[in-house]
Protein chains: 2
Amino acid sequence: MQTSTGLDRRIVRTRDAIREALIDLMEEKGFEAISIKDITDRANINRGTFYLHYHDKFDLLDQTETEIIEDMKQILIREDSLGLEEYMISDRPHPIIIALFEYIQARSRMMHAILGLKANPNFQGRLKKAIESNLYFIGFAHHKSENDLLVPGEYLISYVAAAHMGVVQAWLNNGCRETPREMAQILSRLSFQGPFKAIR
Amino acid sequence: MQTSTGLDRRIVRTRDAIREALIDLMEEKGFEAISIKDITDRANINRGTFYLHYHDKFDLLDQTETEIIEDMKQILIREDSLGLEEYMISDRPHPIIIALFEYIQARSRMMHAILGLKANPNFQGRLKKAIESNLYFIGFAHHKSENDLLVPGEYLISYVAAAHMGVVQAWLNNGCRETPREMAQILSRLSFQGPFKAIR
DNA sequence: TTTATATACGACACTGTGTTGATTATTTAT
DNA sequence: ATAAATAATCAACACAGTGTCGTATATAAA
């Protein structure tokens with residue numbers, strides 16, 4: 001029956017190999033150009049074996065993405081957040097943002113493949129949604145009525161969510177040269193003080 | 001006799017039909033799921049005819065994207081721009097931004113298809129690059145040395161470019177309810193005053 | 001009209017897909 | 001160590017989509 005770890009080791013090995021192959025190939029030729037045979041050749045498994053684990057390549061990508069999103073949600077919960085005003089006044093970056101950058105750095109190859117120009121835009125949309133709902137959660141434009149806002153809350157949220165994702169993408173493209181703390185610092189300053197204020 | 005366009009009318013009709021079909025299908029099932037037969041069925045042309053105009057569906061998308069990018073560059077040139085400081089002080093949106101929103105609205109179906117979640121991420125990257133190089137051009141983080149900046153100029157640019165694209169996407173998802181001027185106003189406030197300042 | 005050429009049509013070889021049944025290899029549990 | 005369970009392999013299948021022909025037809029431009 002099942003072992004204490006839950007999964008047959010053959011399954012773990014195969015899925016790991018498939019995932020690694022997917023990352024490689026996404027960086028090389030982009031998701032759309034990948035065939036199942038590409039994946040199974042690279043992973044050194046039989047083509048039919050792929051279908052024992054995933055319905056098609058979209059299913060594979062989807063499961064991979066879901067795991068990442070879930071990981072990130074865990075980070076948001078673990079670091080018991082908030083204290084937004086403190087961090088707004090001080091020039092210190094928020095620990096949650098640091099933790100997220102650390103997570104991204106630890107899986108930078110995967111994140112670059114999945115967020116980059118050759119990726120499937122699906123994940124970008126899912127991640128942006130996750131960021132947006134978190135911004136709502138911490139009350140970013142929530143407890144204020146629309147009248148108190150200089151712009152519609154909806155666009156405020158979209159602006160910040162997209163901006164943060166853009167900075168993450170730029171960081172990944174640069175090979176993650178800055179530390180997670182430095183990146184969190186950069187994001188904090190840009191959002192708290194405003195991009196144009198960041199010039200002088 | 002009317003050769004002002006230089007193109008046989010059959011060619012124009014066919015390419016228009018192909019392009020319309022592409023937009024329809026991208027909204028329906030996403031670029032990746034589209035087959036040539038899907039396009040030619042929808043466009044009511046023979047499948048072979050497609051290959052008289054485009055090498056494959058990527059070529060079709062690429063040409064379409066290029067035209068849009070070129071159009072936008074023309075707008076950036078036409079409106080002889082700048083006067084950045086004026087608009088920074090006053091609460092008036094910049095005419096270039098208004099013109100760009102007007103262009104997007106006039107082709108909202110196409111833009112939504114090409115910028116949306118089911119699109120190919122390629123265009124998003126190209127447009128972001130165009131925005132970035134324009135930000136460099138207007139001296140957004142250019143004539144200042146890195147020491148004068150609160151954050152690396154590179155990330156400042158990425159932040160603003162991605163943020164603006166995110167707002168455009170949100171606007172398209174909402175069906176372009178706000179006017180181009182209103183949207184330009186929103187973007188100006190968010191970038192000049194900073195997203196967090198936009199709360200109170 | 002005449003001429004040029006864009007499009008339609010059917011056929012071709014080719015690649016990739018998703019599935020199946022039988023066989024082999026490996027892991028887990030006893 | 002051994003038996004039972006099951007994951008992986010392999011070959012084969014029908015099917016869909018691709019890109020490219022040659023030839024015939026339709027339509028635009030002169």
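Any value given below was found using the heavy atoms of this structure, including those in side chains, with hydrogens, waters and symmetry copies removed. Here is how names work: the chains are called A, B, and so on, in the same order as the sequence lines, proteins then strands, and each is numbered from 1.
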Enquirer: Less than 3.5 Å between a donor and an acceptor, one on the side chain of B:R47 and one on the base of D:dG19, is that the case here?
Expert: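 When only heavy-atom distances are counted, B:R47 does reach the base of D:dG19 through a donor-acceptor pair under 3.5 Å.
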Enquirer: State whether the distance check finds a donor on one side and an acceptor on the other, under 3.5 Å, for side chain A:R10 versus base C:dT26.
Expert: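 Such a pair exists between side chain and base.
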Enquirer: With sequence neighbours left out, which residue pairs that include part of residues 107-128 of chain B fulfil the ring-ring contact (aromatic ring centres under 6.0 Å, His included) condition?
Expert: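 Not a single pair qualifies under ring-ring contact (aromatic ring centres under 6.0 Å, His included).
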Enquirer: It should be established whether A:H53 places a side-chain nitrogen or oxygen under 4.0 Å from OP1 or OP2 of nucleotide D:dA8.
Expert: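 Indeed, a polar side-chain atom of A:H53 lies that close.
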Enquirer: Side chain of A:Y51 only, please: which of C:dT17, D:dT18, D:dA8 is the nearest?
Expert: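 In terms of side-chain proximity for A:Y51, the closest of C:dT17, D:dT18, D:dA8 is C:dT17.
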Enquirer: How many whole angstroms separate atom CG of A:D59 from atom P of C:dT17?
Expert: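 That distance rounds to 14 Å.
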Enquirer: Please state how far atom CG in A:D8 lies from atom P in C:dT27, giving the value in whole angstrom units.
Expert: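 Rounded to whole Å, this separation is 8 Å.
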Enquirer: With salt bridge (Lys or Arg N to Asp or Glu O under 4.0 Å) as the criterion, how do B:E65 and B:R126 come out once you've worked through the C-alpha distance, each side chain's angles and the decisive distance to 0.1 Å?
Expert: CA-CA 9 Å; B:E65 291 177 355; B:R126 288 176 72 180; 3.2 Å; yes
Enquirer: Does a side-chain N or O of A:S35 approach OP1 or OP2 of C:dT15 to a distance below 4.0 Å, or not?
Expert: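 For A:S35, the contact criterion (side-chain N or O under 4.0 Å from OP1 or OP2 of C:dT15) is not met.
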Enquirer: When the distance from CG of B:D16 to C1' of C:dA6 is rounded to whole Å, what number comes out?
Expert: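 For the pair B:D16 CG and C:dA6 C1', the rounded distance is 15 Å.
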Enquirer: Starting at CD1 of B:I36 and ending at P of C:dT7, how long is that distance when rounded to a whole Å?
Expert: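 Between P of C:dT7 and CD1 of B:I36: 16 Å.
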Enquirer: Taking A:R19 first and then A:E67, would you say they form a salt bridge - that is, a charged N and a carboxylate O separated by under 4.0 Å?
Expert: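 A:E67 and A:R19: salt-bridged.
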Enquirer: Closer to the 5' end of DNA chain D via nearest nucleotide, is it A:R15 or B:G48?
Expert: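 Its nucleotide being nearer the 5' end, the pick is A:R15.
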Enquirer: Tell me the interatomic distance from A:K37, atom NZ, to C:dT15, atom C1', rounded to whole angstroms.
Expert: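 About 11 Å, once rounded to whole Å.
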Enquirer: Between C:dC9, D:dT9, C:dG18, which nucleotide has the shortest distance from any of its atoms to the side chain of A:L52?
Expert: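 Output: D:dT9.
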Enquirer: Is there a donor in the side chain of A:T49 and an acceptor in the side chain of A:N46, or the other way round, less than 3.5 Å apart?
Expert: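 There is no such pair (donor and acceptor under 3.5 Å, judged by atom type) between the side chains of A:T49 and A:N46.
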Enquirer: Between atom CD1 in A:I45 and atom C1' in C:dT26, what is the gap in whole Å?
Expert: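 Distance check: A:I45 CD1 to C:dT26 C1' gives 16 Å.
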Enquirer: Categorize A:T49 for me: base, sugar-phosphate, or nothing, with a 4.0 angstrom heavy-atom threshold over every strand shown.
Expert: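 Touches a base.
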Enquirer: Could you state the atom-to-atom distance from CG of B:N46 to C1' of D:dT23 in whole Å?
Expert: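 Taking atom C1' of D:dT23 as the reference, CG of B:N46 is at 13 Å.
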Enquirer: Base, sugar-phosphate or nothing for A:R13? Non-hydrogen atoms, less than 4.0 Å.
Expert: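 Touches sugar-phosphate only.
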Enquirer: Ignoring hydrogens and angles, state whether a donor on the side chain of A:N174 or B:E154 is under 3.5 Å from an acceptor on the partner side chain.
Expert: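 A pair is found: one side chain offers a donor N or O, the other an acceptor, under 3.5 Å apart.
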Enquirer: Where the side chain of B:D56 is concerned, which of D:dG19, C:dT27, C:dT7 is the nearest nucleotide?
Expert: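 Of D:dG19, C:dT27, C:dT7, D:dG19 is nearest to the side chain of B:D56.
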Enquirer: What is the distance, to the nearest angstrom, from the CD atom on A:E32 to the P atom on C:dT17?
Expert: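 A:E32 atom CD is separated from C:dT17 atom P by 13 Å.
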Enquirer: What I want to check is whether an N or O donor and acceptor connect the side chain of A:R9 with the base of C:dT27 at under 3.5 Å.
Expert: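 There is none.
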